[in-house]
Amino acid sequence: MTQRLNRLKIATLLANPPLHQPTVVLGWVRTRRESKAGVAFVEVNDGSTFDNLQVVIPASWSGYAEIVPLLHTGTAVRVEGVLVPSEGGRQAVELQAGSVTVLGESDPLQYPIGKQKISYETLREYTHLRPRTNTFGAIARLRDVLAAEVHGFFRARGFRWVHTPVITGNDAEGAGKAFQVTTLDLEGIAASGRDSETGRSGKAPDHKDFFAKDFFGKAVSLTVSGQLEAEAYALSLGDVYTFGPTFRAENSHTSRHLAEFWMVEPEMAFADLEDDMELAEAFLKHLCRAALEQCPREMAFFKERVEPTVIERLEAILAAPFVRMTYTEAVEHLKASKETFEYPVEWGTDLQSEHERWLTEKYCKAPVILIDYPKDIKAFYMKVNDDGRTVRAMDVLVPHIGEIIGGSQREERVDVLQARMKEMGLDDHAIASLDWYLDLRRFGGAPHAGFGLGFERLVQFVSGMANIRDVIPFPRTPGRI
RNA sequence: UGGCCAGUAGCUCAGUGGUAGAGCAGUCGGCUGUUAACCGACUGGUCGUAGGUUCGACUCCUACCUGGCCAGCCA
């Protein structure tokens, strides 16, 4: 007989309570409140929903003295009982236990996350246990809903999901340092690097065909973006998107950066920057709406315990069109402002975080889409405007996070693209590794555009969580795994 | 990588150049239904590590380690 027989998930049970019927609940104890002369109240959570189920164990139950003392926070239990309207005020129904079985004990002296307050920092040392807390359970459910809605949004618009590779041989994709991937015996190389003739240690391997011995016969790395490969499929299938893990080997110690994160990258054929902006705005609005509609309990919790303004912020996103302005206009607004910035604003330099924050939080008080950036501060693949000094790039800035989306119309002219590669300092080797990318323009090239959205930043924005390490199950950051 | 802040009980924190405290957790007792339960008692710490100053350092200084914030890089 299966253990799950007659099991009712708490989410199902609370949504439609089967009153006065035999019910089985499986879950983990959150807290126990005991009244020795009377009854024990045990809050059980099974992860299916935010709320706990109050289990009431009468003193008259034969197993009381043996079982109830074991019901510490974290204990896995099976409860058989009858669902009844609750006499207490905080919950509509409660489970009158007929019997309670302990499936897995939890030693309160060893268990690190009891019901006492515990900081996010400490919880990061227990990434395997933190989903049992209110906050991380809520984040996990929100994250799931948002991920499903990423797919839902694009499928509804006829986009195909493309699985771009994690291991890539592309050089200089234009988005940060990559993690090298190798099967070479690094320990052996390090040891033999102690040159017996010169006595020098740690000699770097320098001959050109060094990586010829490696698994792929060349130097490869973990992808920093699926965009380039997505372009190949956009110029075949029309509208596509990628959604998967991405890796950056930057030594970033901030609340907005991870070494491993998930990225959503749509790519549309026969599209320009206007189409790209329309897509980005509709996409963000769709996800905010999904969170409000599908995670009301979680959102209420975030508002109460995490960030008081989250809900109104999401509603504000839905209420008005995003502000659109050119980089040049933004620079003018910033210069005209009376705000004193730590860094000066100058046309041709990238906007600082403080500038972006001022634009979205103070000047526009809404999401802002900035377009037409100076070409020198943007990637080689962005389409050069007719003015010759700006490119068809866009950044979507939102309050609280700053840049959440970066995108562009891609350069479809082979000669211009090649010139831009050289202009941006790609060496011959890098350009050679991207020859296939030029093929996309040589054969049936067409206007196309796309963007990238950091999924964790989205979850941060929607939940109000301050630190990106707390919106991904197992965060990877420099020096810590 | 740079600047700044922090590290005291299992957790959240207070503390003073004179030898360490509270709440929660845990144990025991009390309370006829609680819900951050409550009341009483008990248990629990070489004050991040290593040096230095001092009669004396948890407190002051230096270095290091760890964590965090901000900046840069970006998503």
Would you classify [X] as touching base, sugar-phosphate or nothing, given that sugar-phosphate means primed atoms plus P, OP1 and OP2, and contacts are heavy atoms under 4.0 Å?
| X | answer |
| --- | --- |
| A/Asn467 | sugar-phosphate |
| A/Ile113 | nothing |
| A/Gln352 | sugar-phosphate |
| A/Arg480 | sugar-phosphate |
| A/Gln54 | base |
| A/Ser255 | sugar-phosphate |
| A/Ile404 | sugar-phosphate |
| A/Pro108 | sugar-phosphate |
| A/Phe455 | nothing |

Out of [options], which has the shortest distance to the side chain of [X]?
| X | options | result |
| --- | --- | --- |
| A/Phe41 | B/U34, B/C74, B/A71 | B/U34 |
| A/Ser353 | B/G72, B/C70, B/U35 | B/G72 |
| A/Ser86 | B/C73, B/U34, B/G72 | B/U34 |
| A/Gln91 | B/U35, B/C74, B/A37 | B/U35 |

Subject >> Polar side-chain contact A/Glu87-B/U34 base: donor and acceptor under 3.5 Å >> reply: no
Length of the [atom1]-[atom2] vector between [X] and [N], whole Å:
| X | N | atom1 | atom2 | value |
| --- | --- | --- | --- | --- |
| A/Arg32 | B/A25 | CZ | P | 11 Å |
| A/Ile401 | B/C70 | CD1 | C1' | 15 Å |
| A/Leu109 | B/G10 | CG | P | 11 Å |
| A/Ile468 | B/G68 | CD1 | P | 13 Å |
| A/Glu250 | B/G2 | CD | C1' | 15 Å |
| A/Arg476 | B/C74 | CZ | C1' | 20 Å |
| A/Leu453 | B/C74 | CG | C1' | 13 Å |

Is the centre of the [X] ring less than 6.0 Å from the centre of the [Y] ring?
| X | Y | answer |
| --- | --- | --- |
| A/Trp161 | A/Phe243 | no |
| A/Tyr241 | A/His151 | yes |
| A/Phe283 | A/Phe154 | yes |

Original post:
By salt bridge (charged side-chain N to carboxylate O under 4.0 Å, His left out), which residues pair with A/Arg157, not counting sequence neighbours?
Top reply: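 Only A/Glu278 meet the salt bridge (charged side-chain N to carboxylate O under 4.0 Å, His left out) criterion with A/Arg157.
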Subject >> By salt bridge (charged side-chain N to carboxylate O under 4.0 Å, His left out) - contacts of A/Arg30 (at least two apart) >> reply: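 With sequence neighbours excluded, A/Arg30 shows a salt bridge (charged side-chain N to carboxylate O under 4.0 Å, His left out) to no residue whatsoever.
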Would you say [X] places a side-chain N or O within less than 4.0 Å of OP1 or OP2 belonging to [N]?
| X | N | value |
| --- | --- | --- |
| A/Arg90 | B/U35 | no |
| A/Arg357 | B/A71 | yes |
| A/His72 | B/G26 | yes |
| A/Arg33 | B/C31 | no |

**OP:** Give me the residues of residues 94-107 of chain A where at least one heavy atom lies under 4.0 Å from an atom of RNA chain B, by number, or none.
**Re:** A/Glu94, A/Gln96
Original post:
Listed in order of residue number, which residues of residues 117-137 of chain A have a non-hydrogen atom at under 4.0 Å from RNA chain B?
Top reply: A/Lys117, A/Ile118, A/Ser119, A/Glu121, A/Thr122, A/Arg124
Counting only pairs under 3.5 Å, give me each side-chain donor-acceptor contact of residues 363-378 of chain A, with atom names and distances, residues two or more places apart or in other chains.
{"unit_1": "A/Tyr363", "atom_1": "OH", "unit_2": "A/His333", "atom_2": "ND1", "d": "3.0"}
{"unit_1": "A/Lys365", "atom_1": "NZ", "unit_2": "A/Lys362", "atom_2": "O", "d": "3.1"}
{"unit_1": "A/Asp372", "atom_1": "OD1", "unit_2": "A/Asn385", "atom_2": "ND2", "d": "3.1"}
{"unit_1": "A/Asp372", "atom_1": "OD1", "unit_2": "A/Arg392", "atom_2": "NE", "d": "3.3"}
{"unit_1": "A/Asp372", "atom_1": "OD1", "unit_2": "A/Arg392", "atom_2": "NH2", "d": "3.2"}
{"unit_1": "A/Asp372", "atom_1": "OD2", "unit_2": "A/Arg392", "atom_2": "NH2", "d": "3.3"}
{"unit_1": "A/Tyr373", "atom_1": "OH", "unit_2": "A/Asp395", "atom_2": "OD2", "d": "3.3"}
{"unit_1": "A/Lys375", "atom_1": "NZ", "unit_2": "A/Gly388", "atom_2": "O", "d": "3.4"}
{"unit_1": "A/Lys375", "atom_1": "NZ", "unit_2": "A/Glu423", "atom_2": "OE2", "d": "3.1"}
{"unit_1": "A/Lys378", "atom_1": "NZ", "unit_2": "A/Asp395", "atom_2": "OD1", "d": "3.4"}
{"unit_1": "A/Lys378", "atom_1": "NZ", "unit_2": "A/Asp395", "atom_2": "OD2", "d": "3.3"}

Between [M] and [N] - [atom1] atom distance, rounded Å:
| N | M | atom1 | value |
| --- | --- | --- | --- |
| B/C39 | B/C64 | C1' | 48 Å |
| B/U59 | B/U49 | P | 10 Å |
| B/A50 | B/G10 | C1' | 26 Å |

Subject >> Under 3.5 Å side-chain donor-acceptor pair for A/Glu231 and A/Tyr437 >> reply: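 Note: A/Glu231 and A/Tyr437 side chains meet the donor-acceptor criterion.
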Original post:
Looking just at side-chain N and O atoms, do A/Ser221 and A/Gln180 make a donor-acceptor pair shorter than 3.5 Å?
Top reply: no
**OP:** Go ahead and write out RNA chain B as dot-bracket, 5' to 3': ( ) for pairs within the strand, [ ] for ones crossing earlier pairs, | when the partner sits on another strand, dots for unpaired; Watson-Crick or G-U wobble, both distances under 3.5 Å.
**Re:** ((((((((.[[[[.)..(..]]]].(((((.......))))).....[[[[[..)....]]]]])))))))....
Subject >> Selection residues 462-481 of chain A - residue pairs positive for salt bridge (Lys or Arg N to Asp or Glu O under 4.0 Å), sequence neighbours left out >> reply: A/Arg124-A/Asp470, A/Arg130-A/Asp470
Taking only N/O atoms, report every protein-nucleotides 40-50 of chain B pair under 3.5 Å with atom names and distance.
none

Between side-chain atoms of residues 141-150 of chain A and protein atoms elsewhere (two or more places apart, or another chain), which donor-acceptor pairs fall under 3.5 Å?
{"unit_1": "A/Arg141", "atom_1": "NE", "unit_2": "A/Glu298", "atom_2": "OE2", "d": "2.7"}
{"unit_1": "A/Arg141", "atom_1": "NH1", "unit_2": "A/Gly47", "atom_2": "O", "d": "3.1"}
{"unit_1": "A/Arg143", "atom_1": "NH1", "unit_2": "A/Glu456", "atom_2": "OE2", "d": "2.9"}
{"unit_1": "A/Arg143", "atom_1": "NH1", "unit_2": "A/Val471", "atom_2": "O", "d": "2.9"}
{"unit_1": "A/Arg143", "atom_1": "NH2", "unit_2": "A/Glu456", "atom_2": "OE2", "d": "2.9"}
{"unit_1": "A/Glu149", "atom_1": "OE1", "unit_2": "A/His286", "atom_2": "NE2", "d": "2.7"}
{"unit_1": "A/Glu149", "atom_1": "OE2", "unit_2": "A/Gln294", "atom_2": "NE2", "d": "3.0"}

Subject >> Parallel, tilted or perpendicular: ring planes of A/Trp347 versus A/Tyr327, cut at 30 and 60 degrees >> reply: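 Ring orientation, 0 to 90° scale: perpendicular.
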In a table with atom names and distances, give each donor-acceptor pair under 3.5 Å that connects a side chain of residues 252-261 of chain A to protein atoms at least two apart or in another chain.
{"unit_1": "A/His253", "atom_1": "NE2", "unit_2": "A/Asn251", "atom_2": "OD1", "d": "3.2"}
{"unit_1": "A/Thr254", "atom_1": "OG1", "unit_2": "A/Arg256", "atom_2": "N", "d": "3.0"}
{"unit_1": "A/Thr254", "atom_1": "OG1", "unit_2": "A/His257", "atom_2": "N", "d": "3.3"}

Original post:
Taking only residues two or more places apart in sequence, or in another chain, which ones meet A/Ala11 in a side-chain contact (heavy atoms from CB on, under 4.5 Å)?
Top reply: A/Ser48, A/Thr49
Subject >> Pairs touching residues 95-111 of chain A that satisfy side chain to side chain donor-acceptor pair (under 3.5 Å), sequence neighbours left out >> reply: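 Checked against side chain to side chain donor-acceptor pair (under 3.5 Å) - neighbours excluded - the pairs reaching residues 95-111 of chain A are A/Tyr111-A/Arg132.
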Original post:
Do A/Glu403 and A/Arg357 sit within salt-bridge range, that is, some charged N less than 4.0 Å from a carboxylate O?
Top reply: no
Original post:
Any Lys/Arg nitrogen of A/Lys177 or A/Glu250 sitting under 4.0 Å from an Asp/Glu carboxylate oxygen of the other?
Top reply: yes
